[in-house]
2 protein chains.
Amino acid sequence: MRKKVTLKQIAKELDVSISTVSKALRDSIEISEDTRQKVQAFAKLYNYRPNNIALSLKNRKTKTIGIIIPEIVQHFFSKVITGIEMVANRKGYNVIVALSNESFDKEVINMQMLANGSIDGFILSIAKETLQQQDYHHFTETINQGMPIVMFDRVVNEIKCDKVIVDDVKGAKKAVNKLIENGCKNIAIITTKDYVSVGKLRTQGYLEALDDHKINPESSLILKIEDKLLSEDHLDQLENDIEQLFKQNDKIDGIFAVNELYGVTAAKVARRYGYEIPEALQIVSFSDGVLSRHSTPSLSTISQHGQKIGESAAELLIKRLEMEDEEDFNEDEDEIFETVVIETNLIERESTK
Amino acid sequence: MRKKVTLKQIAKELDVSISTVSKALRDSIEISEDTRQKVQAFAKLYNYRPNNIALSLKNRKTKTIGIIIPEIVQHFFSKVITGIEMVANRKGYNVIVALSNESFDKEVINMQMLANGSIDGFILSIAKETLQQQDYHHFTETINQGMPIVMFDRVVNEIKCDKVIVDDVKGAKKAVNKLIENGCKNIAIITTKDYVSVGKLRTQGYLEALDDHKINPESSLILKIEDKLLSEDHLDQLENDIEQLFKQNDKIDGIFAVNELYGVTAAKVARRYGYEIPEALQIVSFSDGVLSRHSTPSLSTISQHGQKIGESAAELLIKRLEMEDEEDFNEDEDEIFETVVIETNLIERESTK
DNA sequence: TTGTAGGCGTTATCAA
DNA sequence: TTGATAACGCCTACAA
């Protein structure tokens with residue numbers, strides 16, 4: 001068991017000072033060719049690597065990014081992480097992941113844990129509970145402490161920071177327009193309660209698309225799901241709710257679902273009701289998932305490009321971090337924040353004509 | 001912008017020494033009630049939190065766990081992370097995630113990055129490329145440096161460390177036995193090339209189950225997929241391969257797929273060929289995914305309980321970490337490592353009778 | 001009851 | 001060309 005070597009140990013072995021070793025390893029011109037080689041050889045032999053923690057303490061930066069997301073067992077969030085990790089890694093950053101589990105308390109606790117020096121900045125998507133309570137003090141606090149935050153997907157106007165979002169309204173309109181073009185007359189929407197910002201925006205897009213085509217929205221065609229964590233019970237409930245939708249209105253010939261689970265579940269229920277897809281009923285869902293691609297019938301979706309979102313968020317954060325370095329204490333106060341919008345696009349599969 | 005306060009600053013403000021502040025905050029009896037309250041009040045006011053990095057450096061432990069997995073965009077791995085994160089968090093640990101992307105080089109680089117003081121121990125699942133090259137020096141090296149590793153799912157006998165695995169052979173036998181019980185006579189297997197340990201083991205289970213029932217394996221019923229990263233091309237290739245399987249052998253009435261993607265794809269191709277599921281063809285797949293539950297028909301699967309695996313791995317690692325603390329330098333050399341086996345179970349859905 | 005000093009591993013500055 | 005020293009933020013043994 002060869003424990004990690006430190007500069008100190010190398011110094012002792014070679015009978016030179018610590019600073020000589022340090023300089024030699026960093027190819028300083030101050031050091032003679034001779035000792036440099038000696039030191040480097042020894043270091044290589046013992047596989048010396050500078051201790052990250054010590055460096056972090058010294059440099060007052062950790063080169064790691066903290067991610068806080070509601071859950072990881074969701075293709076969209078995994079994709080985002082993949083994207084973040086890619087650019088982070090490329091730029092020499094690590095990524096530390098914490099899950100809020102949609103809970104306000106866990107979000108707060110995790111932020112505090114990480115904010116105490118473990119990371120240089122946050123990339124996060126807000127927990128549902130937080131959105132519901134509209135308590136954002138933990139965000140403002142960390143920002144005030146000088147730690148930058150980049151929010152993605154579930155963002156909130158109250159907080160001034162960089163953001164990466166999807167054109168939810170526009171994406172929803174694309175979906176609904178497609179259905180209208182394809183001849184649907186009675187288009188239902190399956191969405192979330194309004195406190196989930198993306199659900200609200202997608203609902204808005206749905207309404208705007210209808211309006212653009214002079215179609216009056218009907219409340220019997222709008223289903224707002226109380227979105228709890230995924231559980232078997234919840235799934236049953238979801239199916240029941242969708243069944244109610246079909247019972248309430250037997251003219252439905254198009255469905256826009258704000259996520260792919262709603263989409264595939266709608267397809268399942270619809271087929272149980274004898275609807276032919278896409279002949280009698282067409283479906284488009286918002287999604288970045290694996291479900292819509294592999295389900296039968298495969299679902300046409302509005303792809304939100306989770307990985308791109310992640311990449312974009314990481315770039316924004318790192319840009320800001322490196323900026324801070326440069327402008328040694330530019331206490332400008334009124335900083336300018338960016339909001340990057342990632343374009344969605346419609347992927348046509350079997351659930352539309 | 002109120003930057004984070006340090007002990008030093010508090011000390012200066014209150015005109016006491018740093019150690020007095022430190023002790024006061026930790027409720028030391030050495031400190032007078034008076035100053036203690038004064039210090040604590042001030043600390044609370046300025047929202048003092050000890051700096052993690054400084055603590056890590058001092059204590060020579062970071063209280064964070066490094067996870068290295070091939071990819072995160074796979075339900076199984078997400079589940080494992082969820083499990084790890086749960087127990088880690090409960091025990092005051094953070095979780096830092098790195099992705100190998102199935103590449104040997106990235107695995108090595110990421111390990112080195114994290115091993116330099118950033119974490120206390122690893123939980124990992126080996127990249128395919130590493131398994132192929134059978135080069136495990138980076139594992140032995142980090143273990144030799146005194147950093148514990150827990151491997152899960154894709155493990156390897158050559159490395160002595162704690163492991164968490166699934167009873168792959170037994171699970172596969174459960175699946176195939178079920179098919180046999182249900183009357184299947186010609187059961188095909190869709191599996192990976194043998195260098196993927198879990199694929200190999202599941203294939204072995206398949207063969208053993210057949211043997212138990214005195215059924216001779218037929219090479220025309222065994223399809224070994226060259227498993228690349230998921231891409232559209234790869235998917236087409238997969239469908240082609242499966243089509244070949246059906247062409248080669250028109251008596252197939254049961255399929256055991258070693259993962260759910262193979263399972264749903266087989267179902268898709270089979271239905272294109274006019275097979276009724278489960279009447280004419282029954283399918284069971286290994287899985288921990290969302291696909292099999294929501295596909296049509298939903299797939300019967302051998303559930304591998306990814307979250308439990310994660311929890312178990314985290315418990316093993318943390319146990320070992322805390323052990324190290326106690327036994328101040330017990331250089332015993334021949335340590336004893338555990339291998340925890342997580343039981344699988346068969347979930348019956350629509351793809352079996 | 002309070003303060004001083006040393007150390008965790010590095011690097012940077014300045015002195016030798 | 002090399003080395004001593006201080007600093008990053010914290011804790012603790014020991015001294016006052």
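From a predicted model like this one, the values you see are computed outputs, not experimental measurements. The figures here come from the full heavy-atom set of this structure, side chains too, leaving out hydrogens, waters and symmetry mates. Chain naming here is simple, since letters A, B, ... match the order of the sequence lines and numbering starts at 1 in each.
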Near DNA chain C, under 4.0 Å by heavy atom, which residues of residues 46-55 of chain A?
A:Tyr48, A:Arg49, A:Pro50, A:Asn51, A:Ala54, A:Leu55
Between P on C:dG7 and CD on A:Gln9, what's the gap in Å once rounded to a whole number?
15 Å
At 4.0 Å (heavy atoms only), tell me whether B:Ser19 reaches a base, stays on the sugar-phosphate, or touches nothing.
base
What is the separation between atom CG on B:Leu7 and atom P on D:dA7, rounded to the nearest whole Å?
16 Å
Distance-only side-chain donor-acceptor flag, A:Gln37 / A:Glu33, under 3.5 Å:
yes
Side-chain N or O of B:Thr20 less than 4.0 angstrom from OP1 or OP2 on C:dG3?
yes
Got a salt bridge between B:Lys319 and B:Glu338, using NZ or NE/NH1/NH2 to carboxylate O under 4.0 Å?
yes
Please collect all ring-ring contact (aromatic ring centres under 6.0 Å, His included) contacts where either partner lies in residues 110-154 of chain A, sequence neighbours excluded, each pair once.
A:Phe104-A:His138
Without decimals, in angstroms, what is the distance between A:Lys3 NZ and C:dC8 C1'?
14 Å
Can you find a heavy atom in the side chain of B:Tyr48 that is under 4.5 Å from one in the side chain of B:Gln9?
no
Hey, is the side chain of B:Arg60 poking within less than 4.0 Å of OP1 or OP2 on C:dG7, counting only N and O atoms?
no
Spacing of A:Lys4 atom NZ relative to C:dT10 atom C1', expressed in whole Å
14 Å
D:dA7, OP1 or OP2 - any side-chain N/O from B:Lys8 closer than 4.0 Å?
no
Grab the CG-P distance between B:Asn59 and D:dT12 for me, whole Å please.
8 Å
Protein-nucleotide distance (B:Lys58, atom NZ; C:dC8, atom P), rounded to Å:
9 Å
Without decimals, in angstroms, what is the distance between A:Ile10 CD1 and C:dG9 P?
12 Å
Looking at DNA chain C, which of residues 22-45 of chain A put a heavy atom within less than 4.0 Å of it?
A:Ser22, A:Lys23, A:Arg26
Please walk me through it: do A:Glu102 and A:Arg154 pass salt bridge (Lys or Arg N to Asp or Glu O under 4.0 Å)?
CA-CA 12 Å; A:Glu102 302 287 12; A:Arg154 303 202 204 142; 3.0 Å; yes
May I have the distance from B:Leu57 (atom CG) to C:dG9 (atom P), rounded to whole angstrom?
7 Å
